[in-house]
Protein chains: 4
Amino acid sequence: MSSTSAAAPGRPRSERARLAILDAAADLLAEGGLACATIEAIAGRAGVSKVTIYRWWPSRGAVAVDAFFHRHEATIQFDDTGDIADDLVGQVEALIAAFRGGPGRIMAELIGAAQSDPSMGQAVRDRWVIPRRTATKAVIKRAVERGQLRADVDPDVVLDQIYGAVYFRVMIGHQALRKGLARELVSNLLDGVRA
Amino acid sequence: MSSTSAAAPGRPRSERARLAILDAAADLLAEGGLACATIEAIAGRAGVSKVTIYRWWPSRGAVAVDAFFHRHEATIQFDDTGDIADDLVGQVEALIAAFRGGPGRIMAELIGAAQSDPSMGQAVRDRWVIPRRTATKAVIKRAVERGQLRADVDPDVVLDQIYGAVYFRVMIGHQALRKGLARELVSNLLDGVRA
Amino acid sequence: MSSTSAAAPGRPRSERARLAILDAAADLLAEGGLACATIEAIAGRAGVSKVTIYRWWPSRGAVAVDAFFHRHEATIQFDDTGDIADDLVGQVEALIAAFRGGPGRIMAELIGAAQSDPSMGQAVRDRWVIPRRTATKAVIKRAVERGQLRADVDPDVVLDQIYGAVYFRVMIGHQALRKGLARELVSNLLDGVRA
Amino acid sequence: MSSTSAAAPGRPRSERARLAILDAAADLLAEGGLACATIEAIAGRAGVSKVTIYRWWPSRGAVAVDAFFHRHEATIQFDDTGDIADDLVGQVEALIAAFRGGPGRIMAELIGAAQSDPSMGQAVRDRWVIPRRTATKAVIKRAVERGQLRADVDPDVVLDQIYGAVYFRVMIGHQALRKGLARELVSNLLDGVRA
DNA sequence: AAGTAATCGAGACGGTACGTCCGGTCTTCCT
DNA sequence: AGGAAGACCGGACGTACCGTCTCGATTACTT
């Protein structure tokens, strides 16, 4: 007697259309960035009417975010080897590797567009940032329990000082994501930069 | 025979129009964000024709960046007291204070839009990020010379791990710019978070 | 074993739905004219699905015509007093009275829409124009038999020269349906306008 | 110092676009009737943007009327031979001839659509009906002056009883515009149908 | 003083995309 | 088999801005 067992009246949502929309949007995103992923282009390529898109997504940004994560979602993984530094470095290097390719550019455009579209911000947070931070934060907390990190440090701030720096470089473009950056970020923060 | 002494033929550029455009754009930006600062709205409010805007700026984003910085530029100041930690904290606190108000939201929108408009990225770097970084980097280098910071540390990375964290919070919105954040950012990095 | 006695298999047509549709359509017609009587609005107000409407009517215009006549059909009446002139004047006055109110506007819209929708034209002819003409034509023929009208005159043309003039004024709007018009139309045609 | 000598500021209206729009609309009207003359189709065929149409016409109906009359306007002519009957018959026959072809169908659609679009009604009256009636009314008045018609007859009613009958047949479609109709209409009204 | 050249205002223009409406068709389950 | 619900595709709507264009008018420097 769960609420899901009660079949909704009327024609059910077309899974075919849903996937066609996400695929079309992801393709357009990959080909020409967010600017090419217009509602009309998505609808045209997916063989779907615009109304069908508007029925299920509030804005084109929301479709784009959904499409992007639908295609790139299976990649949270974290090896907790017990060495907090190595673990963090590995994680950051994976992020940097992803950001060097096309998806990095798209990700930056999505976060960029989210500045003017709250529904995109919500989607980015819920579907990308928060899941990753939650996983990493758990590792940090275990390191605290093991006595590797100070207990009075706010794990959120730690994450921001490592990952924020990467996103900052991507979005401002003042410095490249050069080789060795991941290790520098981690060791600077763990050991401090004071002489 | 300097290039500036040779008066160009024809009617000279109207300074009145230039200022009216920048003022109108800054007002619109403050009122409704980047979305409201359309070329047509700027032209209409400034009492200027669209062509006059296009003659001097490449895109509406470029006008917006110019207008924003024209209004908020007089604020780089850096007291080099000799205590690197206090100096950095003061600087970061000033940035956070600015980001808490309306200008923070606009700044985020400008950086956001820059993800799809290279000319805006250029403008943001040249007129905002780089001047501030240059000033701060000089302070860091003096601290290195004074032996307060390690010489093998990349100052750019140091800056990213402090300032990048602030921008990250503003643009993702996953955490607030809470009280005490500035000092935590600086002390974490200077002293390290290892137990 | 006539065709009507053989009950059709399956669920019989819902009379409730039929009346709800006609009522809803007539209401919408009265409230906002033909433009408001969309299939969706009719279905919504009648608490009926669109398919149910499409199953029984070919187009929204056909529903509208049907609904209009369903509400206004009980009004053919003709007193054959023996004086052809008075009888015609009475009839025309009744038509003009009807056309002065809301139904006149709707009637005009229906005939108007019929210009682009043959099924509406058919409905207007079959359910409105022809029944009335048939009744009036019979009166004319009796007048011919009584020797009041010339036998070589085409009754259809006579009707068009009286009723057509009224419809013309309604649809073009160049002249009002003023008082006294009915008698003028009849006497002009009966007695001629030649000096 | 006439008002027209003062050149308006800004780019002047493009005569090329105006004619392209009218031509495209008239072509579409001739090919597929009013239903085909959508704003998008007109704009597409004319090589013009939709906005340019909306800037100068209030509705697609208004464009259609304008286009129709732009193409068929040069045809008011009236021979006043002194014999009012023959003159009227000739005139009505010309109208019937026109209504038998494609333009008749289009005209009917335009009048039909005007029932739901006041701006079209206005245009039909101003550009088609009233000019023709004015010309014909003058002939009738001269016939009154010559003593051929009764002076107490309303010329507007006379016109309606002849022309209205023709429009009525076209719009209702209950009877054809058969041969000889013009003369019957005129002689019926001039001489009366009473025995 | 006339000529040249660039600017400015106004606003029309072609174009792209928007978000919405409605028409007809379909799919599902219920009666 | 009919019916209610409602998702679906298609086509057109009217609007917003974009970036370009044509005007006439203005404002300097150059002959």
Side-chain angles (χ1 to χ4, degrees), chain A residues 6-18 35 38-44 46-56 58-60, chain B residues 6-14 16-18 20 35 37-44 46-56 58-60, chain C residues 7-14 16-18 35 37-44 46-56 58-60, chain D residues 6-18 35 38-44 46-56 58-60:
Chain A
R11 180 175 174 173
R13 175 173 183 183
S14 160
E15 188 66 6
R16 203 206 106 268
R18 197 188 124 254
T38 67
I39 294 277
E40 306 224 320
I42 296 169
V48 143
S49 87
K50 285 197 291 180
V51 178
T52 301
I53 301 180
Y54 283 116
R55 199 189 310 278
W56 303 108
S59 69
R60 110 191 147 117
Chain B
R11 179 174 174 174
R13 174 172 183 182
S14 159
R16 207 206 103 268
R18 196 187 126 256
T38 67
I39 292 278
E40 307 222 322
I42 296 169
V48 145
S49 88
K50 287 200 289 177
V51 180
T52 302
I53 299 179
Y54 283 117
R55 199 188 311 278
W56 304 108
S59 70
R60 110 186 147 124
Chain C
R11 178 173 172 177
R13 174 172 183 185
S14 158
R16 207 207 101 268
R18 196 187 127 255
T38 66
I39 292 277
E40 309 220 319
I42 295 169
V48 143
S49 86
K50 286 200 289 176
V51 179
T52 303
I53 300 180
Y54 283 117
R55 199 189 309 277
W56 304 107
S59 70
R60 110 182 144 127
Chain D
R11 180 174 173 173
R13 175 172 182 183
S14 161
E15 187 65 7
R16 204 205 106 268
R18 198 189 123 252
T38 66
I39 293 278
E40 304 224 320
I42 295 169
V48 143
S49 88
K50 285 199 289 180
V51 178
T52 301
I53 300 180
Y54 283 116
R55 199 191 309 279
W56 302 108
S59 70
R60 111 191 147 119

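When reading the values below, keep in mind they use all heavy atoms of this one structure, side chains included, and skip hydrogens, waters and symmetry mates. Letters A, B, ... are given to chains in the order of the sequence lines, protein chains preceding strands, and every chain is numbered from 1. Keep in mind that what you see is a predicted model, and the values were worked out from it rather than measured.
Two residues, Ile39(D) and Val51(B), neighbour DNA chain F, and the one matched to the more 5' nucleotide by heavy-atom proximity is Ile39(D). If Gly47(D) and Thr52(B) are placed on DNA chain E by their nearest nucleotide, the residue sitting closer to the 5' end is Thr52(B). Each of Arg13(B) and Arg11(D) was assigned the nucleotide of DNA chain E with the nearest heavy atom; the assignment lying further toward the 5' end belongs to Arg13(B). Nearer to the 5' terminus of DNA chain F, by closest-nucleotide assignment, is the contact made by Ser49(C) (compared with the other of Ser49(C) and Lys50(B)).
In this structure, Ala17(B) and Thr52(B) approach most closely via the heavy-atom pair CB-CG2, 4.5 Å. Smallest separation of non-hydrogen atoms from Ala35(A) and Arg60(A): O-NH1, 4.0 Å.
Among the protein residues, Arg55(A) comes within range of the nucleic acid bases, having at least one heavy atom under 4.0 Å from a base atom.
What separates OH of Tyr54(A) from P of dA17(E) is a distance of 12 Å, to the nearest Å. Distance Ile53(C) CD1 to dG24(E) C1': 12 Å, rounded to the nearest Å. Between Glu40(B) atom CD and dC18(F) atom C1' the separation is 7 Å, expressed in whole Å. One can place CD1 of Ile42(D) at 14 Å from P of dG14(E), the figure rounded to the nearest angstrom.
Here the OG-CD1 distance, from Ser49(A) to Ile39(A), works out to 11.0 Å after rounding to the nearest 0.5 Å.
Cation-pi geometry between Arg13(D) and Trp56(D) is satisfied (NZ or CZ under 6.0 Å from the ring centre, within 45° of the ring normal).
OP1 or OP2 of dC8(E) has at least one side-chain nitrogen or oxygen of Trp56(B) nearer than 4.0 Å.
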